[in-house]
S.K.: 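Shown below is the structure under consideration.
Every chain is numbered from 1 and lettered A, B, ... according to where its sequence line falls, protein lines coming before strand lines.
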2 protein chains.
Amino acid sequence: MTLTESSSRALPRPEGQDRYTISEVAAHTGLSAHTLRWYERIGLMPHVDRSHTGQRRFTNRDLDWLAFVGKLRLTGMPVADMVRFAELTREGGHTIGARRELLVRTRGDVLSRIAELHDTLAVLDHKIEVYSDAMQTSPEE
Amino acid sequence: MTLTESSSRALPRPEGQDRYTISEVAAHTGLSAHTLRWYERIGLMPHVDRSHTGQRRFTNRDLDWLAFVGKLRLTGMPVADMVRFAELTREGGHTIGARRELLVRTRGDVLSRIAELHDTLAVLDHKIEVYSDAMQTSPEE
DNA sequence: TAAAACCTTCGAGTGCGCTCGAAGCAAGCG
DNA sequence: CGCTTGCTTCGAGCGCACTCGAAGGTTTTA
């Protein structure tokens, strides 16, 4: 139960364990092994553990992290910013303020995006209604 | 007042007229002249009027259309689909059903996107709170 | 022990939505 | 009259986030 941060164990993890191979993680996250290695390369992962022979062994924390990154991706946050966040995390506790700030900013972005979409929704609804009326009036299909 | 469809005159149009040059439209929409020509080329515009010497003369309807396209763009709809919609529009009244369908589908997409963002928002809020707590507890900045 | 999975490095390719520039010419305006 | 704006066609370039493949090796597992 060392849940320092991130989502509180929502999905049942594929294994009860804490050491996953890259293909297991790929299967679980939907990301390709290529992409997972790429994430690591560009600094988007916390240090990923290795077996004594050098193979990656992902932990539940890594899965948490990947889930979180997935969320950030959904916000449309550029990868560079996510990397920045990852860096801050790796730098330790004294960056918590900065991290929080970054998330607050992102939160703002998400809110405006939602507002934008609501706007768009209104336009769509209007158009759809106009079309409905038109179909009632004139010969449809 | 020949507002067949689209938004009901919200923004004050730059001129009271109904014939805009490409640079006027560019200024108004924020799209470049290049992009406007590109939109036309790929079939994303209704037929754009020309002056007797062949220069584009955009109308208020065109501005309406561009505003609508802007909204569709915000939904993340791929350009190809917008082109499809434009084609249907050009094909005339018998495609109203299909157009309506397309918009309904898009509406659904927007709704799921909004839901997704709400989800993400919850995660962000959670994290932000965790950070706030951590800052209260340990030496901040 | 053999096949499958993993490792590394490297670099190229993809899809999307523009974005830009150049060439060479026609039209508009002040 | 001359500068600005516009037209066309063509084709290249860009930023992003992957995505893939190959080469050449080691490790794991059935």
S.K.: Not counting sequence neighbours, which residues clear salt bridge (charged side-chain N to carboxylate O under 4.0 Å, His left out) with A:E116? List them please.
M.R.: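 Testing A:E116 for salt bridge (charged side-chain N to carboxylate O under 4.0 Å, His left out), a comparison that skips the adjacent residues, returns A:R113.
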S.K.: Sequence neighbours left out, what passes salt bridge (charged side-chain N to carboxylate O under 4.0 Å, His left out) with B:R57? Give chain and number order.
M.R.: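 Salt bridge (charged side-chain N to carboxylate O under 4.0 Å, His left out) check on B:R57 returns nothing, list empty.
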S.K.: Just the table, please: protein N/O against nucleotides 10-15 of chain D N/O, every pair under 3.5 Å.
M.R.:
none

S.K.: Just to verify, what does A:R100 make a salt bridge (charged side-chain N to carboxylate O under 4.0 Å, His left out) with, not counting sequence neighbours?
M.R.: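 Once residues adjacent in sequence are excluded, A:R100 has no partner under the salt bridge (charged side-chain N to carboxylate O under 4.0 Å, His left out) criterion.
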S.K.: Judged by each residue's nearest nucleotide on DNA chain D, which is more toward the 5′ side, A:R57 or A:Y39?
M.R.: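 It is A:Y39, whose closest nucleotide lies nearer the 5' terminus.
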S.K.: Residues two or more places apart in sequence or in another chain: which of them pass side-chain contact (heavy atoms from CB on, under 4.5 Å) with B:T35?
M.R.: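 B:T35: side-chain contact (heavy atoms from CB on, under 4.5 Å) contacts with B:L31, B:S32, B:W38, B:Y39.
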S.K.: I'd like to check B:L124 versus A:L72 (side-chain heavy atoms, cut-off strictly below 4.5 Å). Are they in contact?
M.R.: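 In contact.
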S.K.: Considering only residues two or more places apart or on different chains, which pairs with a residue in residues 73-83 of chain A satisfy side-chain hydrogen bond (donor to acceptor under 3.5 Å, both in side chains)?
M.R.: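 Residue pairs with at least one partner in residues 73-83 of chain A: there are none.
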S.K.: I'd like a table of donor-acceptor pairs (distance under 3.5 Å, sequence neighbours excluded) in which one partner is a side-chain atom from residues 41-49 of chain B, with atom names and distances.
M.R.:
from	atom 1	to	atom 2	distance (Å)
B:D49	OD2	B:R19	NH2	2.8

S.K.: Just to be sure I understand the geometry, which residues of residues 43-53 of chain B put a non-hydrogen atom under 4.0 Å away from DNA chain C?
M.R.: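 B:H52, B:T53, in order of number.
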S.K.: Sequence neighbours left out, what passes salt bridge (charged side-chain N to carboxylate O under 4.0 Å, His left out) with B:D109? Give chain and number order.
M.R.: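 If we apply the salt bridge (charged side-chain N to carboxylate O under 4.0 Å, His left out) test to B:D109, skipping adjacent residues, there are no hits.
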S.K.: Measure from the side-chain heavy atoms of A:R37 and tell me the nearest of C:dT8, D:dT19, D:dC7.
M.R.: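 Looking only at side-chain atoms, A:R37 lies closest to C:dT8.
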S.K.: When the nearest nucleotide of DNA chain C is assigned to B:T35 and to A:I22 on a heavy-atom basis, which residue is associated with the more 5' position?
M.R.: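 Checking each residue's closest nucleotide, the 5'-ward one belongs to A:I22.
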